[in-house]
Amino acid sequence: MIDKVYCADVTPEMEGKKVKLAGWVYRKREVGKKVFIVLRDSSGIVQVVFSKDLNEEAYREAKKVGIESSVIIEGTVKADSRAPTGAEVQGEKLQIIQNVDFFPITKDASDEFLLDVRHLHLRSPKVAAIMKVKSTLMQAAREWLLQDGWYEVFPPILVTGAVEGGATLFKLKYFDRYAYLSQSAQLYLEAAIFGLEKVWSLTPSFRAEKSRTRRHLTEFWHLELEAAWMDLWDIMKVEEELVSYMVQRTLELRKKEIELYRKDDIKTLKNAVPPFPRISYDEAIDILQSKGVNIEWGEDMGADEERVLTEEFESPFFVYGYPKHIKAFYMKEDPEDPRKVLAADMLAPEGYGEIIGGSQREDDYDKLVQRILEEGMDPKDYEWYLDLRKYGSVPHSGFGLGLERLVAWVLKLDHVRWATLFPRTPSRLYP
RNA sequence: GCCGCCGUAGCUUAGAUGGUAGAGCGCCGGACUGUUAAUCCGGCGGUCCCCGGUUCGAGCCCGGGCGGCGGCGCCA
């Protein structure tokens, strides 16, 4: 690899030092006998000045390059308050790796166009900042999971059936029969706890829902945990500790990138420390009714209701104890109130809403069969899953976190599609 | 699945009443001794999403189609 100095590492203190830079032309301005090139690489930007009087050959090369051309530049560092970063490089040599005639993305680009040229937009510092934050959130997650004794496992993506009753599956040909793309690793993680007790996975999940909202993608990255011997309250503690660590660590390591999107408005992120507020579904309904929202006990909270609720909080919070009939079949019935299940969602504040869905799982064979029948499904389709309740069944709990939803909240993005490299939505499969 | 909105140059768009498609940005050429997505002068660039209809004449009116966007439901 080329021995280069990163743009962001060029500081006024390096005055007089010779450096070699490699990157892309971010801005170019020709003024009289000078050419100003703002060079960009993965670290950030630095301005390079080519002067006709100083080095005519380099100046002529600099005049030729177009925006986003790849170049290698050699020069001398000079502190200068007029430079965007306080330091710049006096260009002495410019090697054009590939010249670009014109770059399609200019200042007046619509969101729609940026998605059409997503493969080119990814290089912009603002998009790169999102990807850095996403990377750091997962780095933090791995740090926490490792120190807390969780095993990473690698579940299948090609599956035979549904996890959620309602969610639709992408169907594909599998030799002489059909398979589906996984919409959750949960059932497989439940199988894995019998050997490993505390497991997690990061997989893409697929939902063939024609959802047109700021919180949905047809393909998203799903961080799922499942643990034996944990009840709902235990797994909620895991959730808040994990999310808190992810957020606090990212605040520490990615301050610059977060400020790009939130400026100084990081209060709710700082507030994300245990214990997160916990309210019951019953309390949530009371709050909503007192706010004049038309909702009755037993109804699921829609987007509007969830938004009203999240505006009541200034940190992520839990809603637990949902009515059984609005939740999935595998969730354990509340022994103290059979109308409810031992389920909890974690909602992000500021209108973002659900980022985690979790529950204690039904570990009793007969009850699980009954729930499957109640949902109008066939227990035969869940034979292996039911087996887990016949051979050393244990109380266990787990949850799934939507990584793009977490990123969207952390960076206050207006849509989860900005939190993924190449978003997949019902109408977008390209690039 | 449901409700709503939009397709004009590479991009962002203006085009009352139907009458020779206009601008800004980008790009090309020129000017400029320090620019901060510079400024100034000149130039290139159009299947007005597609098909059909009405009309002397359609970017505009009518019908159908295609594509995209916003929201609901569903969920992470």
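Just so we're on the same page: letters track the sequence lines, and every chain starts at 1. Quick note: numbers below take in every heavy atom, side chains included, and nothing from hydrogens, waters or symmetry partners.
When the P atom is used for both rC49(B) and rC11(B), the distance is 13 Å, rounded to whole Å. Comparing the P positions of rG18(B) and rG24(B) gives an interatomic distance of 28 Å, to the nearest angstrom. For the P atoms, the distance from rG70(B) to rC56(B) is 43 Å, rounded to whole Å. Between rG29(B) and rG45(B), the distance separating the two C1' atoms is 15 Å to the nearest Å. Taking atom C1' on both rA16(B) and rG59(B), the two are 15 Å apart, rounded to the nearest angstrom. Nucleotides rC60(B) and rG7(B) place their C1' atoms 14 Å apart, quoted to the nearest Å. For the P atoms, the distance linking rC61(B) with rU17(B) amounts to 8 Å, nearest Å. For rC44(B) and rA23(B), the C1' atoms lie 16 Å apart once the distance is rounded to whole Å.
Lys34(A) has its NZ atom 5 Å from the C1' atom of rU33(B), to the nearest Å. Here rG73(B) presents its P atom at 10 Å from CD1 of Ile295(A), a figure rounded to the nearest Å. In this structure, the CG atom of Asp116(A) is 9 Å from the P atom of rU12(B), given to the nearest Å. Note: CD1 (Ile105(A)) to P (rC27(B)) measures 14 Å, nearest angstrom. rC2(B) atom P lies 9 Å from atom NZ of Lys210(A), rounded to whole Å. Computed from coordinates, the His415(A) NE2 to rG71(B) C1' distance equals 11 Å when rounded to whole Å. Regarding Leu406(A), its CG atom lies at a distance of 11 Å from the C1' atom of rA76(B), rounded to whole Å. To the nearest angstrom, P of rC25(B) lies 18 Å from CZ of Phe113(A).
In this structure, the nucleotide among rG10(B), rC25(B), rU35(B) sitting nearest to the side chain of Phe102(A) is rG10(B). Comparing rC74(B), rG71(B), rC27(B) by their closest approach to the side chain of Asp300(A) singles out rC74(B). For Arg405(A), counting side-chain heavy atoms from C-beta on, the closest listed nucleotide (rC69(B), rA76(B), rU35(B)) is rA76(B). Among rA76(B), rC69(B), rG24(B), the nucleotide with an atom closest to any side-chain atom of Arg207(A) is rA76(B). Taking only side-chain atoms of Ser427(A), from C-beta outward, the nucleotide of rC69(B), rA76(B), rC72(B) with the closest atom is rC69(B). Here rC75(B) is the nucleotide among rG73(B), rC27(B), rC75(B) with the atom lying nearest to any side-chain atom of His216(A). Closest contact between the side chain of Gln47(A) and the listed nucleotides rC25(B), rA76(B), rU35(B) involves rU35(B). When the nucleotides rA37(B), rG1(B), rC69(B) are ranked by their closest atom to the side chain of Arg27(A), rA37(B) comes out on top. Nearest nucleotide to the Thr106(A) side chain, out of rU36(B), rG71(B), rC11(B): rC11(B). Distances were taken from every side-chain heavy atom of Thr213(A) (C-beta onward) to each of rC75(B), rC72(B), rU35(B); the shortest belongs to rC72(B).
A sub-4.0 Å separation between OP1 or OP2 of rG70(B) and a side-chain N or O of Arg212(A) is present. Phosphate proximity of rU12(B) to Ser110(A): present, with a side-chain N or O under 4.0 Å from OP1 or OP2. Side-chain nitrogen and oxygen atoms of Arg307(A) include at least one within less than 4.0 Å of the OP1 or OP2 phosphate oxygen of rC72(B). Arg417(A) has a side-chain polar atom (N or O) that falls below the 4.0 Å cut-off from OP1 or OP2 of rG70(B). For rC69(B), one of the phosphate oxygens OP1 or OP2 lies less than 4.0 angstrom from a side-chain nitrogen or oxygen of Arg428(A).
Using modelled atom types and a 3.5 Å distance limit, the side chains of Asp41(A) and Ser43(A) yield a donor-acceptor pair. Side-chain polar atoms of Glu197(A) and Tyr151(A) form no donor-acceptor pair below 3.5 angstrom. With 3.5 Å as the limit, one finds no donor-acceptor pair spanning the side chains of Glu350(A) and Thr310(A). For Trp150(A) and Asp148(A), the side-chain atoms include at least one donor-acceptor pair closer than 3.5 Å. In this model, no donor atom of one side chain and acceptor atom of the other lie less than 3.5 Å apart for Ser244(A) and Glu241(A).
Taking a pair to require two hydrogen-bonding distances under 3.5 Å in either a Watson-Crick or a G-U wobble arrangement, rC5(B) pairs with rG68(B). Checking rG52(B) for Watson-Crick or G-U wobble geometry (two distances, each under 3.5 Å) identifies rC62(B) as its partner. Taking a pair to require two hydrogen-bonding distances under 3.5 Å in either a Watson-Crick or a G-U wobble arrangement, rU12(B) pairs with rA23(B). When Watson-Crick and G-U wobble pairs are counted only if both distances are under 3.5 Å, rG18(B) pairs with no nucleotide at all. Of the nucleotides present, none pairs with rG73(B) by Watson-Crick or G-U wobble criteria with both distances under 3.5 Å. Across the strands present, rG46(B) finds no partner; the criterion is a Watson-Crick or G-U wobble pair with both atom distances under 3.5 angstrom. Applying the Watson-Crick and G-U wobble criteria (two distances, each under 3.5 Å), rC40(B) pairs with rG30(B).
Taking a centre distance below 5.5 Å and an interplanar angle below 30 degrees as the stacking criterion, Phe36(A) does not stack against the six-membered base ring of rG34(B).
Nucleic acid contact for Gly66(A): none, since no nucleic acid atom lies under 4.0 Å from a heavy atom of the residue. Glu30(A) comes within contact range of at least one nucleobase, with a heavy-atom separation under 4.0 Å. Nucleic acid contact for Leu217(A): base, since at least one base atom lies under 4.0 Å from a heavy atom of the residue.
Where Pro84(A) and Thr425(A) each meet RNA chain B at their nearest nucleotide, the meeting point lying more 5' is that of Pro84(A). For the pair Lys78(A) and Ser211(A), both in contact range of RNA chain B, the more 5′-proximal nearest nucleotide belongs to Lys78(A).
Between the side chain of Glu259(A) and the backbone N or O of Lys256(A) there is no donor-acceptor pair closer than 3.5 Å. Glu74(A) contributes no side-chain N or O that, together with a main-chain N or O of Lys20(A), makes up a donor-acceptor pair within less than 3.5 Å.
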> Going through the distances and angles, do Val31(A) and Phe36(A) end up as a side-chain contact (heavy atoms from CB on, under 4.5 Å)?
Replying inline: CA-CA 8 Å; Val31(A) 184; Phe36(A) 297 89; 4.1 Å; yes
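A donor N or O paired with an acceptor N or O is found under 3.5 Å between the base of rG34(B) and the side-chain atoms of Glu88(A).
Ring geometry, Phe170(A) versus Phe206(A): the interplanar angle exceeds 60°, so the pair is classed perpendicular (tilted spans 30 to 60°).
Its glycosidic angle being more than 90° from 0, rA23(B) falls on the anti side.
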